[in-house]
2 protein chains.
Amino acid sequence: MPEAVPQNEPASVRASAVETIQRELTSFARRARATAARLHPELSLVSYTLLAHLEELGGCRATDLAAHYALDKSTVSRQVSALERAGLVMRRVDPDDHRVQVLHPTAAGTEILAQVTVSRRQLFGERLADWSEDDLTRFAAYLERYNEAAAQGG
Amino acid sequence: MPEAVPQNEPASVRASAVETIQRELTSFARRARATAARLHPELSLVSYTLLAHLEELGGCRATDLAAHYALDKSTVSRQVSALERAGLVMRRVDPDDHRVQVLHPTAAGTEILAQVTVSRRQLFGERLADWSEDDLTRFAAYLERYNEAAAQGG
DNA sequence: TCCCTCTCGTTGCATTCTACAACCGGACTT
DNA sequence: AAGTCCGGTTGTAGAATGCAACGAGAGGGA
């Protein structure tokens with residue numbers, strides 16, 4: 001049961017800010033896929049994200065990816081299959097538990113990921129060109145903080 | 001933190017921040033739809049966003065929605081049709097230009113939108129509960145600033 | 001050892017979202 | 001009046017996604 005949070009106050013400033021945040025975040029979500037498709041048609045936004053995650057962690061299970069990105073395991077399974085067919089990802093059966101397949105980016109996967117990352121970094125860098133370094137780091141910190149809360153709170 | 005800060009490149013700080021921003025934004029995008037679907041199955045993320053936009057503006061054209069959310073006009077057309085079939089949106093032909101249909105939320109649309117907004121505001125409010133008002137407004141400002149740049153820069 | 005149950009992953013199926021292209025009809029320009 | 005532009009719809013196709021059912025391996029308890 002949610003407890004009683006002081007709600008009687010106007011809280012107009014907070015509410016307005018929260019409203020703006022959710023609206024702008026969803027607005028961003030609206031654009032993200034199209035942007036990715038335009039920027040790097042060879043690697044969809046999902047594929048890019050999953051591949052980048054594998055690269056960052058140096059390998060993990062499909063279930064981990066599903067949990068981390070709130071995707072169904074079947075979705076991840078298909079995405080991974082596509083990545084494997086494209087030669088960008090390798091599966092390795094865990095010797096300790098034959099149910100698990102540890103996923104790794106291949107050399108080709110790392111290569112393409114690097115290229116895509118460059119172009120993405122360029123685009124995003126242009127968009128953020130006139131931001132001060134201070135604003136950039138603070139914005140980044142806010143986003144991390146938000147996503148952390150979102151990941152836990154469901 | 002070591003005080004031996006890499007002095008030769010302030011650019012690395014920027015690149016790192018930009019990297020984080022794009023990663024976190026895309027990570028958010030991964031969750032957004034699922035969150036919306038879980039939170040209010042009766043109104044998809046797209047429908048909610050479009051309807052909220054109509055409510056906020058008090059009515060606009062389908063083309064405006066398409067431009068604002070970087071969606072194809074056919075996509076918006078179908079979404080609006082669905083909203084109209086559901087009785088949440090009304091079309092009104094512009095008397096000055098018979099090509100134009102001005103879209104308005106109906107009473108039912110406003111009603112549902114209000115409910116969904118409440119639940120969304122609650123969820124987002126919980127996620128942002130421990131944020132200071134200052135951080136909230138600054139985060140909101142950053143998001144608006146980013147989306148503005150994204151909208152123009154394509 | 002033999003079951004029961006859990007976990008990891010795949011596949012069939014249906015739905016939704018989306019873009020592109022072709023098209024219609026109204027409006028503006030010449 | 002003709003050509004062009006603009007707002008919107010529809011046909012078509014592809015991709016992403018979730019749910020449910022299933023198979024196979026792992027672990028626990030009788």
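Each chain gets a letter, A, B and so on, in the order its sequence line appears, and its residues count up from 1. What's counted below: heavy atoms across the whole structure, side chains too, no hydrogens, waters or symmetry copies.
Side-chain atoms of A/Arg78 and base atoms of D/dG14 include no donor and acceptor less than 3.5 Å apart. Under 3.5 Å, the side chain of B/Ser44 and the base of C/dC17 form no donor-acceptor pair of N or O atoms.
Ranked by how close their nearest DNA chain D nucleotide is to the 5' end, A/Ser47 and A/Lys73 are led by A/Ser47.
A/Ser77 places no side-chain N or O within 3.5 Å of a backbone atom of A/Lys73 that could act as its donor or acceptor partner. Panel note: side chain B/Ser47, backbone B/Leu43; no donor-acceptor pair is recorded below 3.5 Å. In this structure a side-chain-to-backbone donor-acceptor pair under 3.5 Å is present from A/Thr110 to A/Thr106. Between the side chain of A/Thr75 and the main chain of A/Leu71, no donor-acceptor pair closer than 3.5 Å is present.
Rounded to whole angstrom, the span from the CD atom of B/Gln101 across to the P atom of C/dA27 amounts to 13 Å. In this structure, A/Leu65 places its CG atom 13 Å from C1' of C/dC8, rounding to the nearest Å. To the nearest angstrom, P of C/dT18 lies 14 Å from CZ of A/Arg38. Straight-line distance from the CG atom of B/Leu103 to the C1' atom of D/dG8: 11 Å, rounded to whole Å. Protein atom CG of B/Leu50 is 10 Å distant from nucleotide atom P of C/dC17, rounded to whole Å. In this entry the distance linking CG of B/Asp72 with P of D/dA13 reads 17 Å, nearest Å.
In the model, A/Ser132 has no side-chain atom that pairs as donor or acceptor with a side-chain atom of A/Asp134 under 3.5 Å.
In this model, the phosphate group of C/dC17 is not approached by any side-chain N or O of B/Thr75 to a distance below 4.0 Å at OP1 or OP2. Residue A/Ser77 places no side-chain N or O under 4.0 Å from the OP1 or OP2 atom of C/dG9. For the pair B/Gln79 and C/dC17, the criterion of a side-chain N or O lying under 4.0 Å from OP1 or OP2 is met.
Residue A/Arg61 is in sugar-phosphate contact alone, with no base atom involved, counting any heavy-atom pair closer than 4.0 Å across all strands shown. Using a 4.0 Å heavy-atom distance criterion, B/Thr63 is classed as a sugar-phosphate-only contact.
When A/Val102, A/Leu54, A/Leu103 are each tested for a side chain to side chain contact (heavy atoms under 4.5 Å, CB included) with A/Cys60, only one passes: A/Leu54.
The environment of CZ in B/Arg92 is sparse: at most 12 heavy-atom neighbours from other residues, nucleotides or ligands sit within 6.0 Å.
Here the nucleotide nearest the side chain of A/Leu71, chosen from C/dA19, C/dT10, D/dT17, is D/dT17.
Of the residues in residues 80-100 of chain A, A/Asp97, A/His98, A/Arg99 come within less than 4.0 Å of DNA chain D through at least one heavy atom, sorted by number.
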